[in-house]
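Heads up: the structure comes next, in structure tokens.
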Amino acid sequence: MKMKMISWESEGLRCPDIKVDLELGGKCPRVFLIQMPNGTGKTTTLTMIHAALTGEAVDWDFEKINKLRRSGDSNQSGKFILKLKIDDKPLTFEIQLDFVEGIAKYRTTTTGSGGVVPNWSPPTEIQRYLKQQFVYLFVFDGELAQRLLDAEKSEAENAIDALCQLYLMDEVSSFSEWDWSRVTKKPGPKGQTGLNAAKLKEEVLDKQLKKVRRIREGAVAEIATLTKKMKELDDAIGAKIKQIEGDQEKHQKLKDDERERESIVDKDSLKLMMEIRKPHLLHPDLREALRTLKVKLDKAKLPESSSRQFFTELSQEPICVCGRPIGEHERKAIIELAGKYLGEDIAGVLNALKRDIDLHITNDDNNSSTLVQTLADDLKRDVNLWHQSRATREAHESELLRRGGEKVQEQRESLLKYGSAKADLEALLEDEIDRLPTLTDDEKTQCIASLDRQLREIRARIAEISDTVELRKKTDVIKEILARAKVVSRESLRDVLIKECNQRLEKVLSRDPVRIENISRSLVLRNQEGASVGQTLAVGYTFITSLLHRGQHNFPLIVDSPANPIDNNVRREIGALIPELCDQFVAFTISSEREGFVSALEKSAHGDIRYVTMFRATEGTKNLLKEMPSTGVLKSENAVLIEGRDYFFKFDVDDENEGR
Amino acid sequence: MPIDPEVRNAIVSVVRELGQNELVANKLIAWLIDKSERDLGQGDNMQHLDAVRTEIALLKSE
């Protein structure tokens, strides 16, 4: 799919009443730069473009809608029209804002069967690309870079899934499941009642599984949020404590002591875990049972008497151990049946087991049976000491905080509250959602593995009752292929993207050490803590443009203040990069962004670039109105749009201030 | 419009790992490409599903 932005037009909104045509002579330039001084309505225009694309304005409240009316105006309505071309076919969205009622209405115009429709209704095949989370990827604001790096969000993963179309695999998987479900609804020759009951159970389990997965997703995101908040609070409290007069040395010593005690507990736990893994040390009964096993193995002469090798060698002998001769028939039978007896691998395991029982149990003079108990006692003692040291540190800290005032005490309370909420969520995951299944789990359980298992079992039963066993198995094969392929492709796409992005970052941020280290739900940077706003924005551009370039669809990249926080060297590199990676780049700029950025864009776009300057027609811009060029000027009641490179470059910062 | 080469490679390799015929991968990839190019109706999806199912071999253990 190829999407191009053709024009937008606004009336009665905070942005000027004017139509901006991107297309000239039936062609959109690769780069379209619209220079708008601060206060001309860049943000409003971007908001309206976003709303036109996503249909989100119907959910806006009275206050949000009225904020889009120009301050001091009393017009009762406003209008915004966005024209696009999707695969060269026109598509128009019109938003009518009613400031009195505080509601938004849409009209959609397509050339297909739809014609003019009195709501937001793009053709179904493009609706999936017009969801909010998708549109944010190509109608780019400065915050996207931050969201891509935010561990609480899954923007990076969602972007890969969306632009590389991984969701198609889910859709195919769902369709094959849906079809099996459809087939099994038909009455079969065997027990309809049983089938109905099983289908009902399948529905309940499926619903519960989806619900628990949502709960899990929410819990993981909430844990990330709480962790971030706790770190911020902890840093703030730490900074405050340093300022409070008091025994700082003692506080530091108590903190060190607590850390040391905690590390001793870690070491004790590890030691105990290592020993617990040895069954003979875990319990005297296990030790005795292993000793008995060894005696029984010896008595049965295992594995020697039953090894395959024994029968293989026997088949070569002329006389059997029973005294009868071994002919060709017997030899063949012995060789064939030798496979039923223990192979070398199993015999090896049994021999090793016997050897270990001898070594660790039969000949053990060290009385190691008490070792686990000793280690458990050590751990218990050290845990107590750790808790004591924590309580001492907390008491001292509370005293310091008491002297620090109300705010810091509130922060401390919040920290404890968040810590407790986080612990609850972690316990929910560990003890319930992510635990291993048990035999007593029913369909109400929150254990995902158990619900998965129950669902598999009930589907197998439905397949059996409805004579669709083969169909069920084939559905499972299709779903398994797609589920595994999705994981594999997402992993390899991440690797490829990290490599591609870092190669670009070598150029874009040649003087800075910021590189992408990993892509999980979000982008993870090497030296993330030290990355500046400009650097993270450069990383965001690089990632999104690499994805847009890689993706199989073609979207315009629409950006507000594309170079504002970036220093000149990085601007040049990004300016040179963007036209190579997308077919239509529309940027809302201010004059201070021209330096470095625009010349690089111009060079990289090979002249396929249009420059437009727009400012409000007000008392403050009277001087500008006097110095307009003779051609390429479009005036409306409250704004002026001037086409051309010369004017674009002449328009300077002072003029901008007048544009306010 | 082609699907991403990494998606294609992943399907081919998983199909091979599961001991299925290469045709299973081809039919699945054809379905995904068709989906990426146009809005498929139920009938179109059904045709693709039947084509994939026909190529799937069930092993004795399955």
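A note on names: the letters A, B, ... follow the listed sequences, proteins ahead of strands, and every chain is numbered from 1.
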- Query: So which part of B/Leu40 gets closer than 4.5 Å to some heavy atom of chain A, the side chain, the backbone, both or neither?
  - Reply: neither
- Task: Below 4.5 Å from any heavy atom of chain B, which atoms of A/Val496 appear? Answer side chain, backbone, both or neither.
- Result: side chain
- Task: Evaluate the side-chain proximity of B/Lys35 to A/Phe175: yes if any heavy-atom separation is below 4.5 Å, no if none is.
- Result: no
- Task: Output the distance between atom CH2 (B/Trp31) and atom CD (A/Glu171), rounded to the nearest 0.5 Å.
- Result: 10.5 Å
- Task: Using a cut-off of 6.0 Å, state whether more than 12 heavy atoms not belonging to A/Glu457 lie near its atom CD.
- Result: yes
- Note on the structure: dist B/Gln20:CD -> A/Glu480:CD (nearest 0.5 Å) comes out at 9.5 Å
- Gap between atom CD1 of B/Ile56 and atom CD1 of A/Ile481 - 0.5 Å precision: 5.5 Å
Donor-acceptor contacts under 3.5 Å from residues 6-18 of chain B side chains, at least two apart:
| unit_1 | atom_1 | unit_2 | atom_2 | d |
| --- | --- | --- | --- | --- |
| B/Glu6 | OE1 | A/Ser492 | OG | 3.4 |
| B/Asn9 | ND2 | B/Pro5 | O | 3.3 |
| B/Glu17 | OE1 | A/Arg484 | NH2 | 2.6 |

- Segment of A/Glu470 engaging chain B (4.5 angstrom heavy-atom cut-off): both
- Check the surroundings of atom CD in A/Glu203: do more than 12 heavy atoms from other residues, nucleotides or ligands lie under 6.0 Å from it? no
- Here the gap from A/Leu166 atom CG to B/Asp4 atom CG, rounded to the nearest 0.5 Å, amounts to 8.0 Å
- Task: Let me know if A/Ile126 has heavy atoms under 4.5 Å from chain B in its side chain, its backbone, both or neither.
- Result: neither
- Interface residues of residues 47-54 of chain B facing chain A - non-hydrogen atoms under 4.5 Å apart: B/Leu49, B/Val52, B/Arg53
- Message: Side chains of B/Leu58 and A/Val477, heavy atoms from C-beta outward: is any pair under 4.5 Å?
- Response: yes
- Message: I'd like to know whether A/Arg182 forms a side chain to side chain contact (heavy atoms under 4.5 Å, CB included) with B/Met46, so could you lay out the CA-CA distance, the side-chain angles of the two residues, the decisive distance to 0.1 Å, and finally the verdict.
- Response: CA-CA 12 Å; A/Arg182 181 185 61 84; B/Met46 214 46 243; 4.2 Å; yes
- Out of A/Asp476, A/Val488, A/Val172, which one racks up the most heavy-atom pairs below 4.5 Å with chain B? A/Val172
